[in-house]
Amino acid sequence: MSETMVATGNELGGLTLPALRLRAVSAQMVLLLGAAFVLPTLAHAAGVPVRAWLPMHWPVILAGLCYGWRSGALIGLAAPGVSFLLSGMPPPAVLPAMTAELAAYGFCAGFFREQLRQNLWLSVASALIGGRLVFLVIRLATGSIAGPFAEYMQAALLPGLPAALGQFVLLPIAAGGWVRRESLR
């Protein structure tokens, strides 16, 4: 099914799903819970470094791709705070930058998809770049980067590259299937 056919599958004529229906709100709450608690808890329990797996990022980007920039930004904005309240993670020193970063991931994924009508892969790539830039700008602006900047960049970015590659490959497939399936309901 082409993107044009999917686009006409909802009454808004967009490439994302209507976000305020009961079923959509329920799905978004599941994404929030997944981002805020389930995936980070699984990563910690499995001993997988969260910097390598980026467990909160997956559902936030997926929310933006499926339900648009508002939902993506709200879920990204809420997930770190909810996670902190439930588990004490992420650490308070990282919480503000991570909150802005995740909000940017969700916003960018949804904005590029919904408003700029970009394909799913470009939307994910834009989200990955935009979210990381927001995180780095906030860390720089607050002076919370210790040591040489090049070392910090290496420590902050390299562990997450496999996860980012996975997000780039898998999230467009998941979002395309989800939107297509829900548009037919």
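Basis for what follows: all heavy atoms, side chains included, without hydrogens, waters or symmetry-related copies. The chain is numbered in sequence order, starting from 1.
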Novice: Are L39 and W53 close enough, and set up right, to give a side-chain contact (heavy atoms from CB on, under 4.5 Å), and what steps lead you there?
Specialist: CA-CA 9 Å; L39 293 179; W53 192 37; 3.7 Å; yes

Novice: Say whether F84 and M56 are linked into one hydrophobic cluster, either directly or through other cluster members, by side-chain heavy-atom distances under 4.5 angstrom.
Specialist: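 Cluster IDs for F84 and M56 differ.
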
Novice: State, to 0.1 Å, how close V179 and C66 come at their nearest heavy-atom pair, and which atoms those are.
Specialist: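 Scanning both residues completely, I find the closest heavy atoms to be CG2-CA, 3.9 Å.
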
Novice: Using 0.5 Å steps for rounding, measure from the CZ atom of R117 to the CG atom of L122.
Specialist: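 The CG atom of L122 is 14.0 Å from CZ of R117, to the nearest 0.5 Å.
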
Novice: Would you name the heavy atoms of G72 and V60 that are closest together and state the gap between them?
Specialist: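 The pair with the smallest heavy-atom distance is O-CG1, 3.8 Å.
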
Novice: Looking only at heavy atoms, what is the nearest atom pair of L120 and A175, with distance?
Specialist: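 For L120 versus A175, the nearest heavy atoms are CD2-CB, 4.0 Å.
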
Novice: Hey, quick one: are I129 and M98 part of the same hydrophobic cluster, counting side-chain heavy atoms closer than 4.5 Å, chains of contacts allowed?
Specialist: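 I129 does not cluster with M98.
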
Novice: Verify the cluster assignment for I173 and W58: are they in a single hydrophobic cluster under the rule of side-chain heavy atoms below 4.5 Å apart?
Specialist: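 Same cluster.
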
Novice: Quick check on the hydrophobic clustering: are L74 and L32 connected, directly or via other members, by side-chain heavy-atom contacts under 4.5 Å?
Specialist: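 No; tracing contacts between hydrophobic side chains, which count when under 4.5 Å, never links both residues.
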
Novice: Is the shortest heavy-atom distance from the side chain of F37 to the side chain of V82 under 4.5 Å?
Specialist: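 Sidechains of V82 and F37: no contact.
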
Novice: Give the cluster check for I138 versus L133: same hydrophobic cluster or not, with ILVMFWY residues linked at side-chain heavy-atom distances below 4.5 Å.
Specialist: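 No, separate clusters.
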
Novice: Show the numbers, then the answer: is there a side-chain contact (heavy atoms from CB on, under 4.5 Å) between T16 and L65?
Specialist: CA-CA 7 Å; T16 58; L65 293 173; over 6 Å; no

Novice: Which heavy-atom pair separates L54 from R132 by the least distance, and what is that distance?
Specialist: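 In terms of heavy atoms, the two residues are closest at CD2-NH2, 4.1 Å.
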
Novice: Measure up the Y105 and H57 rings against each other and bin them: parallel (under 30°), tilted (30 to 60°), perpendicular (over 60°).
Specialist: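 Y105 and H57: perpendicular rings.
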
Novice: Check whether any side-chain heavy atom of L17 lies under 4.5 Å from a side-chain heavy atom of Y67, and answer yes or no.
Specialist: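 In short, these two side chains touch, coming nearer than 4.5 Å.
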
